[in-house]
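Here the structure comes first, spelled out in C-alpha cells, and everything after it is commentary.
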Amino acid sequence: MKKITFLLILLTAVFGFSQNLISNGDFETGDATGWSGYKNGTVSNTSYDVNIYGQWLGKIENSDGSLFQAVTVVPGETYNVSFDYLWVSNGNTSNMNVTVKDTPSGSGNNLTLSNSDTKYTLNSTNDTWFSGSFSFVATTSDARIVFFKGTNNNPFRLDNVVIENASSLSITDLEKFNFKSYPNPTTNYISLSAAKNIDKIEVYDLLGKQVLTKTIADTRDNVNVSNLAAGLYILKAYIEEAEGTFKFVKK
C-alpha cells in the first residue's frame, strides 16, 4: 500500500492528474453507494453505449426525488464539475436545476456557478443523453452537489459525475476543446471525444512506462485497453498545442 501511495504521489507530480472527489460517480458499484437523497438508486444499462455509460446508471425515479453528495474542498479553490444525464419520457415534464451548496447538509447557501447563476439548468429534451459542465469557487471546506427534481417530472438517469480541482488539472488545457474520456473504471475501451481532432494519446503504467500509443486525428475514438493488466493507468492526450493527463482504472 505504501509503495502504491508513493507511486501515485510521484505520478501526480510528473503527470499532473487530479482526483475525482465524487465517490461512485459512474455508479459501477451497481448501487448508489456514496450518494444520498430519496427515490433514487441504480438501473442496469441495457439500452445505451456501454463503452460510454458502463453497466450501471444512477437514477431518480418518476415524479420527485434527488441524488446528492458532499465532498471536502479547499476554500478559494476553483472546482470543475461534469456529468452525463438523460430524461426518460414518461408523460411528465423534465425540469431540473443542479446546485452546489457550501455545507454538507441541506442548509447553507447555493454557490454562484460559472454561468453567473446559483443553478445550472438541464436540457429538458427526453430520451437523449446530454453532458453538463460548470465550475464553482469553494467558500468553505465543504461542497454538496444536488440533483433534485420536484413532483410530476420524468424519471432521470445520471452517469460519469466528476468534481475535480481545476488548479491541479492538466485537463484545463483541453477544456476549450470540450475534451471527454469515459468510462472510468473500464474493462475494454476508453471513449474519447472533443470539439477538434485529437492528435494522439499515450498510456502509461504506474512505473511511468508507456504501454500504449495511438494516433487518432479525429474528434472521436475508442481506445482498446482490453489487453492491459488490471490496475491504474495514466492517459495523456494531445490536441493541437495543448495536452492533458488523466488517470483511469482498468478492471
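What you see is a predicted model; the values in this text were computed from it and never measured. By convention here, the first residue in the shown sequence is residue 1.
Taking NZ from K251 and OG1 from T186, the interatomic distance works out to 8.5 Å, rounded to the nearest 0.5 Å. Here the straight-line distance linking atom OH of Y53 with atom CZ of R157 works out to 13.5 Å at 0.5 Å rounding. In this structure, OG1 on T151 lies 10.5 Å from CG on N62, to the nearest 0.5 angstrom. For the atom pair CG of L57 and CG of N45, the computed distance is 4.5 Å after rounding to the nearest 0.5 Å. The CZ atom of F136 lies 12.0 Å from the OG1 atom of T112; values are rounded to the nearest 0.5 Å. Separation of atoms CG (L158) and CZ (F83) is listed at 7.5 Å; rounding is to 0.5 Å.
The closest donor-acceptor contact from the side chain of T42 to the backbone of G30 lies under 3.5 Å. Without hydrogens or angle criteria, N20 side chain to V161 main chain gives a donor-acceptor distance under 3.5 Å. Between the side chain of N153 and the backbone N or O of N95 there is at least one donor-acceptor pair closer than 3.5 Å. Remark: the backbone N or O of I60 is not paired with any side-chain donor or acceptor of N40 at under 3.5 angstrom. Checked by atom type and distance alone, the side chain of N24 pairs as donor or acceptor with a backbone atom of T33 at under 3.5 Å. K101 contributes no side-chain N or O that, together with a main-chain N or O of A70, makes up a donor-acceptor pair within less than 3.5 Å. Of the possible polar contacts, one joining the Q69 side chain to the G34 backbone as a donor-acceptor pair under 3.5 Å is found. Without hydrogens or angle criteria, Y120 side chain to V100 main chain gives no donor-acceptor distance under 3.5 Å. Judged by distance alone, the side chain of K209 and the main-chain N or O of Y204 form no donor-acceptor pair under 3.5 Å.
Pairing each heavy atom of N197 with each of A217, the nearest pair is ND2-O, 3.6 Å. Across L228 and K250, no two heavy atoms sit closer than the pair O-NZ, 3.1 Å. For the residue pair V98 and L113, the shortest heavy atom distance occurs at O-CD1, 4.1 Å. The two residues I216 and L192 have their closest heavy-atom pair at CD1-CD1, 3.8 Å. For the pair P183 and N160, the tightest heavy-atom approach, listed with the atom from each and the gap, is CA-OD1, 4.5 Å. Contact record, V74 with Y79: N-OH, 2.8 Å, taken as the closest heavy-atom pair.
Looking at Y85 and M96, their side chains never come closer than 4.5 Å, going by heavy atoms from C-beta outward. Here the side chains of T118 and N97 are not in contact, with every heavy-atom distance at 4.5 Å or above. For the pair T139 and P75, the minimum side-chain heavy-atom distance is 4.5 Å or more. The shortest side-chain heavy-atom distance between F27 and D159 falls under the 4.5 Å cut-off. Residues D84 and W129 are in side-chain contact: their nearest non-hydrogen atoms beyond the backbone lie under 4.5 Å apart.
Residues satisfying the ring pair (Phe, Tyr, Trp, His ring centres under 6.0 Å) criterion with Y238, sequence neighbours excluded, are absent altogether. Residues meeting the ring pair (Phe, Tyr, Trp, His ring centres under 6.0 Å) test with Y182, sequence neighbours left out: none. Residues passing the side chain to side chain donor-acceptor pair (under 3.5 Å) test with N224, sequence neighbours excluded: S226. Listed by chain and residue number, nothing satisfies the side chain to side chain contact (heavy atoms under 4.5 Å, CB included) test with T72 (two or more places apart in sequence, or in another chain). Here N152 pairs with nothing under the side chain to side chain donor-acceptor pair (under 3.5 Å) rule; sequence neighbours left out. Partners of D102 by salt bridge (Lys or Arg N to Asp or Glu O under 4.0 Å), not counting sequence neighbours: none found. Contacts of Y233 classified as ring pair (Phe, Tyr, Trp, His ring centres under 6.0 Å), with partners at least two apart in sequence or in another chain: F248.
For the residue pair S105 and S107, a side-chain donor N or O sits within less than 3.5 Å of a side-chain acceptor on the partner.
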Next on the checklist: Is there a side-chain contact (heavy atoms from CB on, under 4.5 Å) between T103 and T140? Walk through the geometry before answering.
Outcome noted: CA-CA 7 Å; T103 63; T140 69; 5.7 Å; no
Item to check | Trace of the side-chain contact (heavy atoms from CB on, under 4.5 Å) decision for S66 with F147 | outcome: CA-CA 5 Å; S66 66; F147 296 86; over 6 Å; no
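Ring to ring, W87 and F156 are close: their centroids are under 6.0 angstrom apart.
Screening residues 45-64 for salt bridge (Lys or Arg N to Asp or Glu O under 4.0 Å), with sequence neighbours left out, gives K39-D64. Each salt bridge (Lys or Arg N to Asp or Glu O under 4.0 Å) pair with one or both residues in residues 119-141, not counting sequence neighbours, appears once here: D117-K119. Within the structure, salt bridge (Lys or Arg N to Asp or Glu O under 4.0 Å) contacts touching residues 133-147 (residues at least two apart or in different chains) do not occur. For the salt bridge (Lys or Arg N to Asp or Glu O under 4.0 Å) condition, no pair includes a residue of residues 23-36, sequence neighbours left out.
With a 6.0 Å radius and a threshold of 12 heavy atoms from other residues, nucleotides or ligands, Y189 has its OH atom at or below the threshold.
V162 and F134 are not part of a single hydrophobic cluster, where members link through side-chain heavy atoms under 4.5 Å apart.
Taking 4.0 Å as the cut-off between side-chain N and carboxylate O, K214 and D221 count as a salt-bridged pair.
The residue from S114, S135, S133 that alone fulfils the side chain to side chain contact (heavy atoms under 4.5 Å, CB included) condition with N80 is S135.
F148 forms part of a hydrophobic cluster together with Y38, F68, V146, judged by ILVMFWY side-chain heavy-atom separations under 4.5 Å.
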